[in-house]
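In this text the structure is predicted, and so the values were computed from the model without any measurement. Throughout, a chain's letter reflects where its sequence line sits, starting with A, and its residues are numbered from 1.
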There are 2 protein chains.
Amino acid sequence: MAISRSEQKEKTRRAIIDAAIKQLGVEKSFASLSLREVTREAGIAPTSFYRHFKDMEELGLTLVDECGLTLRQIMRKARKRFKKGGSVIRTSVKTFMEVTETNPNIFRLLFHERSGTTHALRTAVDREIQFFIVELTDYIQNIGYEKEAAFAQAEAMVAVVFNAGAESLEAKLGQRTDVEKRAIQQLRYIAAGAKCLHLTK
Amino acid sequence: MAISRSEQKEKTRRAIIDAAIKQLGVEKSFASLSLREVTREAGIAPTSFYRHFKDMEELGLTLVDECGLTLRQIMRKARKRFKKGGSVIRTSVKTFMEVTETNPNIFRLLFHERSGTTHALRTAVDREIQFFIVELTDYIQNIGYEKEAAFAQAEAMVAVVFNAGAESLEAKLGQRTDVEKRAIQQLRYIAAGAKCLHLTK
DNA sequence: CAATTGAGAATACACGTGTAAGCTGAATTA
DNA sequence: TAATTCAGCTTACACGTGTATTCTCAATTG
């Protein structure tokens with residue numbers, strides 16, 4: 001037996017998703033992506049799209065899920081690395097940047113749809129980012145901060161890192177190390193600041 | 001004489017700009033805004049649009065200019081206020097949030113097109129934000145930091161404040177004060193952190 | 001006053017879109 | 001083997017789009 005029907009279906013589904021990701025370049029946002037373009041790229045007829053997704057929004061949500069996976073990948077990778085020693089901040093930022101640049105388009109989607117126009121997508125993106133922040137909050141709490149302070153720290157750090165990530169994606173290769181170094185410095189400010197302010201109290 | 005021809009032209013131009021801003025709500029991004037929709041809202045024929053703008057992109061750039069004006073308005077207002085005493089950080093954040101909520105749609109454009117799909121727009125938005133950062137950098141340098149450190153601080157602060165601004169725009173009114181308080185706290189972290197790290201050296 | 005200018009409108013075109021309806025043929029099932 | 005299922009295709013339609021062309025007619029100019 002060559003390939004079962006369900007295997008083939010899964011394959012096509014994957015082709016649609018990959019086609020969408022491929023098209024999500026610098027010049028193309030998800031909102032401006034049309035069903036026909038996606039199916040053309042995936043090599044199927046326009047109407048066949050509906051065998052896999054209710055509409056473009058559903059595809060969008062699936063793509064955001066992919067983002068979620070990638071974010072978790074970052075966390076795992078970073079944890080693994082800094083458990084073997086080295087600066088936590090430096091390692092985390094480097095890992096984030098690395099994964100970002102390996103999956104540029106999926107991150108473009110994340111950055112763009114965060115302030116996007118489709119409510120469902122915005123919500124989904126927000127959920128993924130919140131999850132990321134909460135993970136970081138937990139870590140910071142374990143270092144000995146109270147919940148509220150930890151959350152503020154985590155949120156600020158994520159804002160800075162995401163900002164750097166977006167900047168890096170559009171920057172030329174030469175400037176990327178600068179962006180990265182600055183991000184590290186900025187996270188250090190936040191960490192040190194939180195420490196200062198909470199020892200004073 | 002009722003109204004001169006050039007006055008009328010300026011009026012129509014303004015009508016187009018205002019129509020565009022009006023339509024840039026939560027559900028409509030600039031990219032998904034069509035020439036015909038704008039002219040319909042402005043009360044002119046589609047083709048008359050070209051008497052004022054070469055294409056939609058040129059209108060977009062004009063809108064970004066409006067953003068620039070608003071950003072400068074924030075800086076002036078904040079400066080005026082904290083010269084009369086009070087916390088610089090608190091006053092600045094409050095002013096930013098206030099102006100953001102007074103011009104929600106123009107800021108939605110700013111937030112969205114920052115990671116947008118049209119190169120010209122992205123560049124323009126970036127220029128405005130850079131200007132904002134540089135202004136802040138100057139201020140921080142005057143407090144006694146060296147250029148590089150001041151810039152890193154400024155950039156981080158802007159990232160945090162813009163993040164809060166975007167969050168606040170989509171948040172319900174009840175949560176906005178929380179967002180604002182958190183942003184203030186986060187900026188304090190950054191300021192304190194920079195202070196700590198630079199006194200240590 | 002007569003001539004020119006130019007903002008705005010009307011009409012028309014080609015094009016890309018989402019998706020409804022119905023068909024085909026191979027994989028699956030009984 | 002015969003019946004069923006269902007991924008994918010073809011065709012077709014109505015609709016919104018950007019914009020080229022051509023017109024109108026009031027403000028401006030000489």
**OP:** Please list, chain by chain and in numerical order, all residues satisfying ring-ring contact (aromatic ring centres under 6.0 Å, His included) with B:F49, sequence neighbours excluded.
**Re:**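 For B:F49 the ring-ring contact (aromatic ring centres under 6.0 Å, His included) partners, ignoring immediate neighbours, are B:F53.
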What's the [atom1]-[atom2] distance between [X] and [N], to the nearest Å?
X     : N      : atom1 : atom2 : value
A:F53 : D:dA7  : CZ    : P     : 13 Å
B:I44 : C:dA10 : CD1   : P     : 12 Å
B:K9  : C:dG8  : NZ    : P     : 8 Å
A:F49 : C:dT19 : CZ    : P     : 9 Å
B:K11 : C:dG8  : NZ    : C1'   : 16 Å
B:K28 : D:dG16 : NZ    : C1'   : 11 Å

Going by an N to O cut-off under 4.0 Å, is there a salt bridge joining [X] and [Y]?
X      : Y      : value
B:K22  : B:E37  : no
A:R72  : A:E135 : no
A:E101 : A:R176 : yes
A:E98  : A:R81  : yes
B:R122 : B:D126 : no

**OP:** Heavy atoms under 4.0 Å is the rule here; annotate nucleotides 17-27 of chain D 5' to 3' with B where the base is hit, S where only the sugar-phosphate is, and - elsewhere.
**Re:** BBBB-----BB
**OP:** Give a yes or no on this: more than 12 heavy atoms of other residues, nucleotides or ligands lie within 6.0 Å of atom CD of A:E148.
**Re:**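 Incorrect, the count does not exceed 12.
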Original post:
Distance check: side-chain N/O of A:Q8 vs OP1/OP2 of D:dG8, anything under 4.0 Å?
Top reply: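 Looking at the OP1 and OP2 atoms of D:dG8, one of them is under 4.0 Å from a side-chain N or O of A:Q8.
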Subject >> Verdict with supporting geometry, B:R108 and B:K28, side-chain contact (heavy atoms from CB on, under 4.5 Å) >> reply: CA-CA 10 Å; B:R108 264 187 256 273; B:K28 204 93 196 153; over 6 Å; no
Subject >> Residue-level proximity of residues 57-65 of chain B to DNA chain C when a heavy atom falls under 4.0 Å >> reply: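 Close to the strand, none.
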